[in-house]
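Heads up, the thing below is written out as structure tokens.
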Amino acid sequence: MFIPKSTLENIGPYSVDEFYPKCVLKLDSNENVFGPSKNVVEAFKKLDLRRFNLYPCYGELIETLASKFGFNKDNFLLTNGCDEAINIVLSAYLNKNDSVLAFTPSFSMPKLYSKIIGAKYLNIKYAAKWKFTIDVLLENLKPDVKIIYLATPNNPTGDIIEPSVVEEVLQKCPDRMILLDLTYVNYSSYSENEYYNLVKRYKNLICVKSFSKDYGLAGLRLGFILADKDFIVNFKKIISPYSVNAMAVFAGIQALLDAEHFEFVKNEVKKSKEFLYDELEKLGFTPYKSEANFIFVDFKQKADFAYRKLLKNGILVRRFSNSELSGYLRIGIPSIEDSKKIIEALKQKDMLVFDLDGVVFDVSNSYRYAIQKTFEYFAGCECTAADMQEAKNLGGLSNDWDLTKYLLDKKGIEADYSKLVEIFQDIFYNPEKEGSKGAIDNEKIVLDKEFFKTLAKDYDLAVFTGRPKKEAFYSLEKFGIKEYFDYFVCLEDVEPGRSKPCPDGLNKIKECCYYNDLSFFGDTVDDIKAGCDASVDVFGIIPPNAASIDNTTASLKKCGAKDVINGAYKILELFRKETICK
């Protein structure tokens, strides 16, 4: 048995896309959406084929860098992006008992590389969002800290550390290595030279930089290390030979020589960023001033909803699994025209909330069937559709496990609840089964895909259901309509015992989706009660194959339904009429 090194045990791999995502705007990775210099493309057309069959040579690009920034060639090392540059620095100088000190949140790779080495990675929290403070840094400086990682501008916050402050850190920490990540520096109010020149005066400064964000060469993976020549000698001992490919070297030279193109990119990003900042504030969100080519926005509890609204419009941005950042989205800066699409996608629309069972899906042969068969398993006799509807009309039994238990109790039959759930789920939905997953596959869609596609152009759509999320998503995806919904509240999303008729789910939608006014469509007394208690317009829907349309209508109206609608086509007519009127 082959066991990996112990430092890998609690580390997950960095997640990367296997295929290019299908979207209109890809703004989740901070790539330069304007692309590289045209000189790069034109030069590739005239490329000497020896660039392919011979190993790459790095001299020309290193000479170009040295000349541009006023250094000797032996101060530079080319790397496969800034990721490799950081890894090389840490691997060359970090031992198992050493620590790296850094502010959080920041770029995740230094922490990952440190853990792989077996070193400690010490996170410093910002004293104020999001402002670097040297006093806080010094307060957290422990004896075992060998390397201080600083990023300016920082990702994902966009804040900057002025060159004078970096110099102050260098002066106050002469016995620590300062690893300065300048990936986004060319979008800032300071020139990269103001930071690079510090290398000439301070031997403990190492600068790393990529060509991805500013020069638009993310796909070619090119970066470099700028440091004292003694550091570079040691870095060369551990870097893979030829880790940078010939195409990246060739493109890097062309990119550096086209200063005009980058000035264009920088100016476009600046204008678009200022537009986004102002418009996001007008919408009631909290964007932070950024000196990078992205903007960091606090959407608070509305972040998931905002993310899905953008995604529904083909706009992919970055959201975070870290609980500290769960309310934030990071948005890469596109052109002004594309920034307008972002704002348009985030604007508030009227919201329509749908229950699933009996409204979107005909569950006569799925949930109702599972109730019947589970009842029959314990009782040895059948339960009629009329019995089920009568129980539904009582209210308080929106959960079909509870409904089945109620029907059995009514017959005087004792059934262990956990066993009942087990039997019910095996009949209704068992994802481990091959082929059909259960009665869930007998469901039919009541409201067609075209209906939701049309509706989503003018309304924001949400789901409020008592189904577990896996079951809800299974059916929504099976019928190809999940993409039209912006928000989901399922069984797990409310506290135990707080499902319908409790209005918590609808109140959560109101809170998380920035809507006070919305309409809810449900088919049971519990749906209507939840809607009324949440102070929303609630419409009753007669479910397919209802035992008694008149009785169901009367029950829903008695509970406060604004109107009761019988038949999918009448719902379509109502919504499409409202859409046209708008």
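In this chain, numbering begins with 1 at the start of the sequence shown.
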Flag the pair [X] / [Y] as yes when at least one side-chain heavy-atom distance between them is below 4.5 Å, and no otherwise.
X: Thr465; Y: Phe361; result: no
X: Ile371; Y: Phe424; result: yes
X: Ile342; Y: Leu27; result: yes
X: Tyr474; Y: Asp441; result: yes
X: Phe354; Y: Phe452; result: yes
X: Val463; Y: Lys482; result: no
X: Lys273; Y: Ser290; result: yes
X: Leu352; Y: Leu518; result: no

Please give me the minimum heavy-atom distance between [X] and [Y], naming the atom from each residue.
X: Gly540; Y: Leu556; answer: CA-CD1, 3.9 Å
X: Leu420; Y: Trp401; answer: CD2-O, 3.7 Å
X: Ser364; Y: Asp362; answer: OG-OD1, 2.6 Å
X: Cys383; Y: Gln372; answer: O-NE2, 3.4 Å
X: Pro503; Y: Asp533; answer: CG-CB, 3.7 Å
X: Ala370; Y: Ile427; answer: CA-CG2, 3.9 Å

*When you look at CZ of Phe275, are more than 12 heavy atoms from neighbouring residues, nucleotides or ligands closer to it than 6.0 Å?*
yes
_Is it the case that atom OH in Tyr377 sees more than 12 heavy atoms from other parts of the structure closer than 6.0 Å?_
no
[X] bridged to [Y] by N-O distance under 4.0 Å:
X: Lys125; Y: Glu324; value: yes
X: Lys373; Y: Glu376; value: yes
X: Lys22; Y: Glu483; value: no
X: Lys282; Y: Glu279; value: yes

Under 3.5 Å: donor-acceptor pair, side chain of [X], backbone of [Y]:
X: Asn154; Y: Pro105; answer: yes
X: Thr404; Y: Phe375; answer: no
X: Asn293; Y: Asn30; answer: yes
X: Lys437; Y: Lys433; answer: yes
X: Asn313; Y: Ile315; answer: no
X: Ser114; Y: Ala119; answer: no

*Member of Tyr126, Tyr121, Trp130 meeting the ring pair (Phe, Tyr, Trp, His ring centres under 6.0 Å) criterion with Phe103*: Tyr126
Distance, nearest 0.5 Å, that separates [atom1] of [X] from [atom2] of [Y]:
X: Cys381; Y: Ile413; atom1: SG; atom2: CD1; answer: 5.5 Å
X: Lys457; Y: Tyr484; atom1: NZ; atom2: OH; answer: 9.0 Å
X: Ile295; Y: Leu276; atom1: CD1; atom2: CG; answer: 6.0 Å

Show me the side-chain donor-acceptor pairs of residues 485-502 shorter than 3.5 Å, one per line, residues at least two apart or across chains.
| from | atom 1 | to | atom 2 | distance (Å) |
| --- | --- | --- | --- | --- |
| Asp486 | OD1 | Lys312 | NZ | 3.3 |
| Asp486 | OD2 | Lys312 | NZ | 3.1 |
| Asp486 | OD2 | Leu461 | N | 3.0 |
| Glu492 | OE1 | Lys469 | N | 3.0 |
| Glu492 | OE2 | Lys469 | N | 3.0 |
| Asp493 | OD1 | Lys469 | NZ | 3.2 |
| Asp493 | OD2 | Lys469 | NZ | 3.2 |
| Asp493 | OD2 | Cys490 | N | 2.7 |
| Arg498 | NE | Asp504 | OD2 | 2.9 |
| Arg498 | NH2 | Asp504 | OD1 | 3.1 |
| Arg498 | NH2 | Asp504 | OD2 | 3.4 |
| Lys500 | NZ | Asp355 | OD1 | 2.9 |
| Lys500 | NZ | Phe464 | O | 3.1 |
| Lys500 | NZ | Asp527 | OD1 | 2.8 |

*asked:* Checking Ile445 against Lys478 for the side chain to side chain contact (heavy atoms under 4.5 Å, CB included) test, could you report, in this order, the C-alpha distance in whole Å, the side-chain angles of both residues, the deciding distance, and whether it holds?
replied: CA-CA 10 Å; Ile445 190 167; Lys478 176 182 175 181; over 6 Å; no
*Test side-chain contact (heavy atoms from CB on, under 4.5 Å) applied to Ser326 - qualifying residues, sequence neighbours left out*: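 Not a single residue meets the side-chain contact (heavy atoms from CB on, under 4.5 Å) criterion with Ser326.
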*For Asp460, which of Lys347, Lys309, Lys302, Arg308 qualifies under salt bridge (charged side-chain N to carboxylate O under 4.0 Å, His left out)?*
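Single pass found, and it is Lys309.
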*Do Arg330 and Thr157 pass the side chain to side chain donor-acceptor pair (under 3.5 Å) test, and can you show the C-alpha distance, the side-chain angles, and the key distance before you say yes or no?*
CA-CA 8 Å; Arg330 189 192 67 196; Thr157 58; over 6 Å; no
*Let me see the working for Arg467 and Val363 under side chain to side chain contact (heavy atoms under 4.5 Å, CB included), right down to the final yes or no.*
CA-CA 12 Å; Arg467 288 192 184 203; Val363 296; 3.7 Å; yes
*Test side chain to side chain contact (heavy atoms under 4.5 Å, CB included) applied to Val317 and Val297, step by step*: CA-CA 11 Å; Val317 300; Val297 190; over 6 Å; no
*Side-chain donor-acceptor contact under 3.5 Å, Asn399 with Tyr406*: no
For residues 2-12, which side-chain N or O atoms pair as donor and acceptor with protein atoms under 3.5 Å away, sequence neighbours left out?
| from | atom 1 | to | atom 2 | distance (Å) |
| --- | --- | --- | --- | --- |
| Lys5 | NZ | Ile116 | O | 3.4 |
| Thr7 | OG1 | Ile116 | O | 2.7 |

*Could you list the residues that satisfy side chain to side chain donor-acceptor pair (under 3.5 Å) with Ser29, not counting sequence neighbours?*
Lys26
_Contacts of Tyr277 that satisfy side chain to side chain donor-acceptor pair (under 3.5 Å) - sequence neighbours left out_ = none
*Going by the salt bridge (Lys or Arg N to Asp or Glu O under 4.0 Å) test, which pairs reach into residues 394-408, not counting sequence neighbours?*
Lys392-Asp400, Lys405-Asp409
Check for me whether the distance between the ring centres of [X] and [Y] falls short of 6.0 Å.
X: Phe320; Y: Tyr328; value: no
X: Tyr149; Y: Tyr113; value: no
X: Phe294; Y: Tyr184; value: yes

*asked:* Working note: Phe296 + Lys129, criterion side chain to side chain contact (heavy atoms under 4.5 Å, CB included); need CA distance, chi angles, decisive distance, verdict.
replied: CA-CA 11 Å; Phe296 198 49; Lys129 294 182 178 178; over 6 Å; no
*Start with the C-alpha distance between Lys341 and Glu344, add both sets of side-chain angles, then the distance that settles salt bridge (Lys or Arg N to Asp or Glu O under 4.0 Å), and finish with yes or no.*
CA-CA 5 Å; Lys341 294 175 185 176; Glu344 193 61 34; over 6 Å; no
